[in-house]
Amino acid sequence: ELLKLVTEDIQNYNFLDWSYVVNSNYHGSDFAVYNSYISKKCSVGKGSYIENSDIHEGTEIGEGCIISGVSLHGETIPPHTVLHGLKLNDGRYVCRSYGVCDNSKESKYFGKELGGLLWTEPIFKVCNTMKTAVEATLAQDTDGELLSLMESFNKADVTAVLPWEDKLNDKIIAETIIEAVENLIPADKVVRMFPNGVSERVLRYLREKIEKLDDSVLEQFSKKVRIYYYTSKLVNHDKFTNKCFDTICASVLKSAAKSRKSNAFQRIVKDEVTIRLPVRVNWGGGWSDTPPYCLEHGGTVLNAAISLNGELPIEVTLKRISEAKFILSSTDIGSYKEFTNTTELQLCSDPYDPFALHKAALIACDVIPNNDNIPLDIICNNLGGGLYMNTRVINIPKGSGLGTSSILAGACVKGLSEFLGIKETDNEMYNRVMCMEQLMSTGGGWQDQVGGLSAGIKMVTSAPGLEQKIVNTPLSMTKETIKELENRLVLIYTGQRRLARNLLREVVGNYIGSDPDALDVLYRIQQLAVLMRFELERGSIEAFARLLSEHWELSKKLDSGCTNTCINQIFLSVEDLIDGRMICGAGGGGFLQVIMKRDVTVKMLEDRLNDVFADSGVTVWNCKFVF
């Protein structure tokens, strides 16, 4: 009667909102479920009913069964079988098994004759665990203490049912969250599924699942960061968001470190080295180079190295000094400090530390250890002297959007390699910069350092994988096309510093949370990068400009804060003079870039901006490609 009600007659009660499935991760209609977890890697026969049970992978349940109060781990249940687990008052277990059509007032048991009535015949073995009780009843093991249906009913611990149901409910909620992660259901939708949040017991279950995941395996890494992120949304707590991004940071750092050779036992080979690098303009695919997107899908970016007002504005100088100390300096911000203690040099995660970048470079290039406390005088003795490192960003406002921080990090790596006589591939340098960014807890991708360390106009790509291998392909453009593009490309400084907000976490968080718009935009901007390359290589600046403007519209979908009233007004004021527009970098403020119409001059653009924005700091800057 029960089986018929829940698997056949239930459709007659739709007006009462009755359902085949209540509180389960299962969403089908072949069988009925109440408060049970059903592994996707098990099979359940049509017309069965499962309640208050935990069904693990490998389990096979036949048609027309009733399964209640048990945990199954790969067992095979014959068709038309009742399997009912009970905890007894003394803490032991019994599992009662009989045919769906067996009558407790008769002596038939699975078609066999019993000595007495099924209700009173002692045929179910008492065991110390539910697992052994299930195994015993399926094997019809009668060796040991036995109970009848009546005795097991009378001796059942009825209070044990509630905590068991609660435990199952917790598992169902947790597994539903994990299933949502695996199926890329948006985090916001999952939050709406659980409007009251989740309990501490569910969080504990999720933490246990996370601890079993190996973040050196891409699939498990992806699941781990998303479980953290979805959990942060469900409980509205930053600690889980921090764990999500800490996991990304640790994994990128580990993979980047693994992909480069160690520079141990190095010595200073030059008394002085100065490195000057260009900045970069980004055209297509930005954000696709940022973990975890590039790790899971690969990245595609189109950018170019440029000088500003005739200068290469990124500079790093290294000098050998006779004293056993390290001197770190930053000319453009007026910072200078002498270090005689290795431990102090190892502290590089404070964003307010003016020497965080210098320290991270020393660690990433193996000049000092990341953790081991080796005295600095010993390090200097091994190097053959002390070290002076000065960084300088020449005449570029802070928050420019031209990739200055990452390119400055790249200049440090390049300078230290030359200073210490280390021959490194481009990929090894890119990976050292990625290590630096993770050590500094700033995150970020690889396009900025590639844009500055590699000259010219290029398409930069990587394949999916925790260990990113960057492929740098210069565009095949005619000299005429390059000259025309250079003449028509203009940078406009907004007079505003890019907003210091948590942009990386916002955009990357939307991707991790499977936001449909973020997923669509990240895919589409890579397509645009490829189309931009096609148009540039065939010499169509107008088509390239149109794609640049299209990219700008998509960027605003990905990050609504990348524009503001000032930026909108600047673009609006020169709309009749330009064919294409785009912001430099990410976030509102910093530099904008425009492609002027063929018959427009820089002077015309400057005059227009001066008329509209006189004395407001909005200015035109001269830029040239660096090959």
Side-chain angles (χ1 to χ4, degrees), residues 1-7 22-24 31-38 44 48-56 59 61-62 64-110 112 114-172 201 205:
E1 289 174 351
L2 170 65
L3 193 61
K4 187 172 184 297
L5 172 65
V6 296
T7 61
V22 177
N23 196 34
S24 175
F31 54 92
V33 184
Y34 169 71
N35 197 49
S36 296
Y37 171 76
I38 314 290
V44 180
S48 289
Y49 170 54
I50 301 172
E51 65 174 15
N52 297 324
S53 293
D54 190 6
I55 313 301
H56 292 254
T59 302
I61 298 172
C65 290
I66 297 177
I67 310 296
S68 178
V70 294
S71 182
L72 299 180
H73 299 265
E75 293 85 358
T76 298
I77 314 301
H80 311 294
T81 296
V82 175
L83 201 66
H84 182 200
L86 286 175
K87 185 176 183 180
L88 304 176
N89 284 319
D90 63 5
R92 294 183 297 168
Y93 296 85
V94 67
C95 185
R96 299 109 62 84
S97 173
Y98 47 90
V100 169
C101 293
D102 286 349
N103 189 336
S104 60
K105 297 177 182 178
E106 296 177 356
S107 58
K108 292 282 188 182
Y109 174 61
F110 288 120
K112 297 187 298 185
L114 295 172
L117 298 178
L118 177 56
W119 179 246
T120 55
E121 192 71 15
I123 52 176
F124 305 113
K125 185 173 180 177
V126 178
C127 300
N128 290 325
T129 66
M130 178 61 76
K131 189 176 188 305
T132 53
V134 170
E135 292 169 351
T137 195
L138 290 175
Q140 296 188 8
D141 180 3
T142 56
D143 183 18
E145 183 182 350
L146 303 175
L147 296 178
S148 65
L149 281 173
M150 179 183 69
E151 290 171 318
S152 59
F153 178 82
N154 290 331
K155 293 183 177 182
D157 179 3
V158 293
T159 63
V161 175
L162 293 178
W164 170 245
E165 287 185 352
D166 287 343
K167 183 179 179 181
L168 282 172
N169 185 55
D170 295 340
K171 180 173 183 177
I172 291 162
R201 297 192 310 269
Y205 182 93

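Values reported hereafter were calculated over all heavy atoms of this structure, with side chains retained and with hydrogens, waters and symmetry mates removed.
Of the residues listed (L86, V126, L147, V94), the one engaging K155 in a side-chain contact (heavy atoms from CB on, under 4.5 Å) is L147, and it is the only one.
With sequence neighbours excluded, the residues satisfying side chain to side chain contact (heavy atoms under 4.5 Å, CB included) with K131 are T129, E135. In this structure R96 satisfies the salt bridge (Lys or Arg N to Asp or Glu O under 4.0 Å) test with no other residue, sequence neighbours excluded. Checked against side chain to side chain donor-acceptor pair (under 3.5 Å), K105 has no partners two or more places apart in sequence or in another chain. For E145, the salt bridge (Lys or Arg N to Asp or Glu O under 4.0 Å) partners at least two apart in sequence or on another chain are R92. When the salt bridge (Lys or Arg N to Asp or Glu O under 4.0 Å) test is applied to K4, the partners found at least two apart in sequence or on another chain are D9. In this structure, the side chain to side chain donor-acceptor pair (under 3.5 Å) partners of D170, at least two apart in sequence or on a different chain, are R201. Under the rule for a ring pair (Phe, Tyr, Trp, His ring centres under 6.0 Å), the partners of F31 that lie at least two apart in sequence or sit in another chain are Y26. Taking the side chain to side chain donor-acceptor pair (under 3.5 Å) definition, one finds that S68 meets it with E51, sequence neighbours left out. Contacts of D102 classified as salt bridge (Lys or Arg N to Asp or Glu O under 4.0 Å), with partners at least two apart in sequence or in another chain: none.
Considering CD1 of I172 and CG of N35, their distance stands at 4.5 Å, rounded to 0.5 Å. Expressed to the nearest 0.5 Å, how far CG of L117 lies from OG of S148 amounts to 10.5 Å. Rounding to the nearest 0.5 Å gives a distance of 6.5 Å between CE of M150 and CG of N154. Here OG of S48 is found 11.5 Å from CG of L83. Values are rounded to the nearest 0.5 Å. Annotation: the span from I77 atom CD1 to L72 atom CG amounts to 5.0 Å, rounded to 0.5 Å. Atom CG of N52 and atom OG of S36 lie 6.0 Å apart (nearest 0.5 Å).
Residue pairs satisfying the ring-ring contact (aromatic ring centres under 6.0 Å, His included) criterion with at least one member in residues 82-106, sequence neighbours excluded, are absent. Listed by first then second residue, pairs satisfying salt bridge (Lys or Arg N to Asp or Glu O under 4.0 Å) with a partner in residues 156-168 number zero, not counting sequence neighbours. Among pairs with a residue in residues 66-75, none fulfils salt bridge (Lys or Arg N to Asp or Glu O under 4.0 Å), at least two apart in sequence or across chains.
The shortest side-chain heavy-atom distance between I61 and T81 does not fall under the 4.5 Å cut-off.
Residues L168 and D54 come closest through the heavy atom pair CD2-CB, 3.7 Å. Among all heavy-atom pairs drawn from G64 and L3, the shortest one is O-CD2, 3.4 Å. Taking both residues in full, the closest heavy atoms of K87 and A160 are given as CD-CB, 3.7 Å, listed atom of the first, atom of the second, then distance. Shortest non-hydrogen contact noted between I66 and L2 is CD1-CD2, 4.3 Å. In terms of heavy-atom proximity, T137 sits nearest to S97 at OG1-CB, 3.1 Å. Nearest heavy-atom pair across I50 and S53 is CG2-CB, 3.8 Å.
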CA sep, side-chain torsions, deciding dist, call: S24, I38, side-chain contact (heavy atoms from CB on, under 4.5 Å)
CA-CA 7 Å; S24 175; I38 314 290; 4.1 Å; yes
Between V44 and T59, is a side-chain contact (heavy atoms from CB on, under 4.5 Å) present by the stated rule, with each step listed?
CA-CA 8 Å; V44 180; T59 302; over 6 Å; no
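A distance-only check finds a donor-acceptor pair linking the side chain of S152 to the backbone of L149 [under 3.5 Å]. With hydrogens and angles disregarded, no donor-acceptor distance shorter than 3.5 Å links the side chain of K108 to the backbone of N103.
Other residues, nucleotides and ligands contribute more than 12 heavy atoms inside 6.0 Å of the CG atom of D90. More than 12 heavy atoms of other residues, nucleotides or ligands lie within 6.0 Å of OH in Y109, so this atom counts as buried by the packing criterion.
Aromatic ring pairs are classed by plane angle as parallel below 30°, tilted from 30° to 60° and perpendicular above 60°; the pair Y37 and H56 is perpendicular.
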